[in-house]
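Take a look at the structure set out below.
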Amino acid sequence: MEKSNSKILFALIIFLALFPVVVLNVRAIGHYLDVMIFVGIYSLINLGLSLLMGYAGQISLGHAAFFGLGAYSSGILCTKLSLSPWLAMVAGVCLTALVAYIVGVPSLKLKGHYLAMATLGFGVIVYIFFNEEVALTGGPSGFSDIPGLTIFGLDLNNDLYYYILVWSLVLLTLVFSLNVINSRIGRALRSLHDSEVAANAMGVETSRFKVIIFVLSGAYASIAGSLYTHYVGFLSPSSFDLFLSIKLVMMVVVGGMHNIWGALLGTWLLTFLGNEWLHVFRDFDILVYGAVLLAIVMFLPEGLVGLTPKMRWLWKRS
Amino acid sequence: MERISLIGQLTQYLFTGITVGSIYALVAVGFNIIYNVTEIINFAQGEFVMLGGLIMVFFTAVAKLPLPVAFILTIAAVTGVGALMERFTINPLKNATVLTMIIVTIAVSILFKGIAMFVWGKDPYIIPPFSGSEPIFILGAAIQTQTIWVLLITAVVVVLLTLFFKKTRYGKAMLACADDPEAARLVGIRVNIMVLISFALSAAIGAVAGAIITPISLMEYDRGALLALKGFGAAVMGGLGSFYGAVVAGIFLGIIESLCAGFVSSGYKDAVALLLLLLVLYIRPSGLFGNVEASKIKEF
Amino acid sequence: MGSENFSTFLSVVDLRKSFGGVQALNGLSFTVESGTIKAVIGPNGAGKTTLFNVISGVFPPNTGSIAFDGESIEGKKAGEIARLGVSRTFQNVEVFGRMTVLENVMVGRHIQSRAGIISAGLKLPRMRREERQIREGARDYLKFVGLEHKAGELAGNLPLGEQKLLEIARALATEPKMLLLDEPAGGLNTRETEGLAALIHRILERGITVVLVEHDMNLVMDISDEIVVMNFGEKIAEGKPKEIKNDPVVIEAYLGEEVDYSDL
């Protein structure tokens, strides 16, 4: 891992360790822990999306579907078949990876707009499936009473424990992703982004790597879905709709899509904005989201992390 | 009895399909006009339809303007929206990557959706049909008069667009841009202006679609995305960029969807249309009638 | 390869490729002997770059065959052809601009390494070892072209001449048997071109066969063992530099192309 990455990772771990200590002692923001769990869940998806968009150069407007597949797999297997939640999570990952593979192979042959529309279409189809297969999914009203997670007999049905669980998984996924980025696979992906024709001439298997990353990002989203299910305890299709797919892409873009730290920053910011700081806008969050996204793409194409070199420059000058 | 009612049903579904399909066709044509000039797929295309419907509601039900006046004002308003969108979001972004353009048009579509929710709220709106609410009976099927209006106006739009592209200076210039933007620039066509016109024109077509369908299917703030997706499906099926391909494919998609809703499952009708889109993308991305040359697509 | 020093290494037979109505390659045939330098010249639009693109698998030919080192490669994908030992550079440099110079060459080592996503993500010891080898190998190739002092810079920030050298280092890193150079001297000054000629000879000494498309006639005449002259997608002449210089057909084809005519 590169030095700068280790430093940021270290800072992140310190922040994550201090966060609950501060938050749980200040009453007014005690519920921030709950928001931070959602930040972690969405971060897990967006780590994959960032690999896909920022490194493999492929867009997906259907990642809510993978999130949903993970969530419903866990929900259904745990309640209807009484499977162990951890086994259900693994089963969900396998199922989602399989679906991602089946969809990814033909989809990733498409480029640009075609790929965007294909993934969008896929996302909506899965959403319709969640709505219509009432016997399996409970239809539009969904189903509840999904058990929480336990580990070695320890009940994780507690915000602090769940926070630790979610963010440990995020950190593991983050390190895994950073390792991939700094390996021959990461280089191959970045090279594809700069010049596909040259990358091909170097023997980089374009289509294979795109599919691998697509499947990996699907697997991340599936784990996130399982964690979501066991945390909130109920499921309905509206949590996995088209707007979520778009919001996920937005988080990555707002943070900075060519940088994995950007994905985390964007997720953190937009989740807090959406769940907490924009409550005044409640129903009109779409309007705010649209405006923020538009402003970022137009004026800050590198996302918020694109600001850091400028800030550093200002810092040095003062 | 049984047979007649089956024919009646079939007729009913066919008409419904052609009506909805006309709207898909108009959305698809809107996609194509912008794509031909700019190679951008405008993800906000569906929002033009939504805005067309809701602004029509405002002019007829709230401002109580006579129908033709409301219709024309609606088109003018949405055309303005399209032109503004181009000036403020597309025009400033020179040399943007396809990924950026996708995200920009998505951002605009979310913004439009947000504005519509802000202005009109979340409830669907309806306006009375353009003339008489008594249905016409054909082969035992009850056909709403608005259906006739939809078909008629769609046909008029197709004819007008054909004339525009074949006969007018601007229309020909736009076709030239589609063929070869560099060459068009060299012969003195102002590509910049053509891009503006393409957005304005697409918005106008979207507005027409929204205004004529609202009496049948109602309109609400979040209808844009699905309309865009299906319109895109029609555009791809017809061969992206192909004008008549889009019209035929749009109506075809509408009929398939309507038959599926009638005979199989109404819940899955959208899924079937989208599945069809995916299959076409996977198997014949050049479209059902297109050739491979026409499917040249911009890369990231 | 046989016991002979020179044997047919690449043979192109009746290659045709058209785009829309334009016939970019129109029944082109020629051969390249192993361990030689062959130049492909011709006026702009003669189909030279198309030839390279077809050989290296950017797109397949319409008809015709290409045999490389005893294996038929026409229509194979770029990656497969790279694995068989053909590497190339590009006329309009295609370096990976947002990656460092060293990383560019490390991408060149791609087919010589094999770590998968799991071992890369978990940083298994096997993968660490391989990563170290990739890095050291890449440094060697940078040294070979004289760019080791730029290893940490972003490739996009290098001047054109160095980007061209970087492309050569990257191509060499794949350990090719044959190297296709597409206008390596384009945009270089005289001194840089001289350095390039020396570099190409050193590449040859490593046992790598070189085929180049080039407009700089001094360079071509200086270093090539044989020259193919193309016009309108066809071969109009082939032979040693001396023969080509005096070929009336070639001179006629170049009439009007002032830049190169003076050099002939």
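Remember, it's a predicted structure, so these values are computed and weren't measured experimentally. Just so you know, these numbers use all the heavy atoms, side chains as well, and skip hydrogens, waters and symmetry mates. Naming: A, B, ... by sequence-line order, numbering from 1 per chain.
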message: Between C:Arg170 and A:Met202, is the side-chain contact (heavy atoms from CB on, under 4.5 Å) condition met? List the steps.
response: CA-CA 8 Å; C:Arg170 185 179 68 184; A:Met202 296 303 114; 3.6 Å; yes
Just wondering, do [Y] and [X] contact through their side chains at under 4.5 Å, heavy atoms?
{"X": "A:Arg184", "Y": "C:Gln112", "value": "no"}
{"X": "A:Asn200", "Y": "C:Val58", "value": "no"}
{"X": "A:Arg190", "Y": "C:Arg98", "value": "no"}

Residue [X] versus chain A: region with a heavy atom under 4.5 Å:
{"X": "C:Arg83", "value": "side chain"}
{"X": "C:Glu80", "value": "neither"}
{"X": "C:Ser56", "value": "neither"}

message: Does C:Lys150, at its NZ atom, have more than 12 non-hydrogen atoms belonging to other residues, nucleotides or ligands within less than 6.0 Å?
response: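 Result for NZ/C:Lys150: enclosed.
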message: A quick test of your reading: do over 12 heavy atoms of other residues, nucleotides or ligands sit less than 6.0 Å from CZ of C:Arg202?
response: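 Enclosed: over 12 neighbouring heavy atoms sit under 6.0 Å from CZ of C:Arg202.
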Shortest non-hydrogen separation from [X] to [Y] and the atoms involved:
{"X": "C:Gly121", "Y": "A:Val180", "answer": "CA-CG2, 3.7 Å"}
{"X": "C:Glu131", "Y": "A:Asn182", "answer": "OE2-O, 3.4 Å"}
{"X": "C:Ile117", "Y": "A:Ile213", "answer": "CD1-CD1, 4.0 Å"}
{"X": "C:His110", "Y": "A:Gly203", "answer": "CD2-O, 3.7 Å"}

- prompt: Who wins among C:Pro176, C:Ser119, C:Gly108, C:Ala115 for the most heavy-atom pairs under 4.5 Å with chain A?
  reply: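 Looking at each of C:Pro176, C:Ser119, C:Gly108, C:Ala115 in turn, C:Ala115 comes out on top.
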- prompt: Any idea which of C:Ala173, C:Gly156, C:Gly79 has the most non-hydrogen atom pairs under 4.5 angstrom with chain A?
  reply: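 Max contact count across the listed options: C:Gly79.
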query: Between A:Asn179 and C:Leu122, is there a donor-acceptor pair closer than 3.5 Å when you use the side chain of the first and the backbone of the second?
result: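 Such a contact is absent between A:Asn179 side chain and C:Leu122 backbone.
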- prompt: Among A:Ala199, A:Ser183, A:Ala201, A:Ala198, who wins on heavy-atom pairs under 4.5 Å with chain C?
  reply: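 Of A:Ala199, A:Ser183, A:Ala201, A:Ala198, A:Ala198 has the most heavy-atom pairs under 4.5 Å with chain C.
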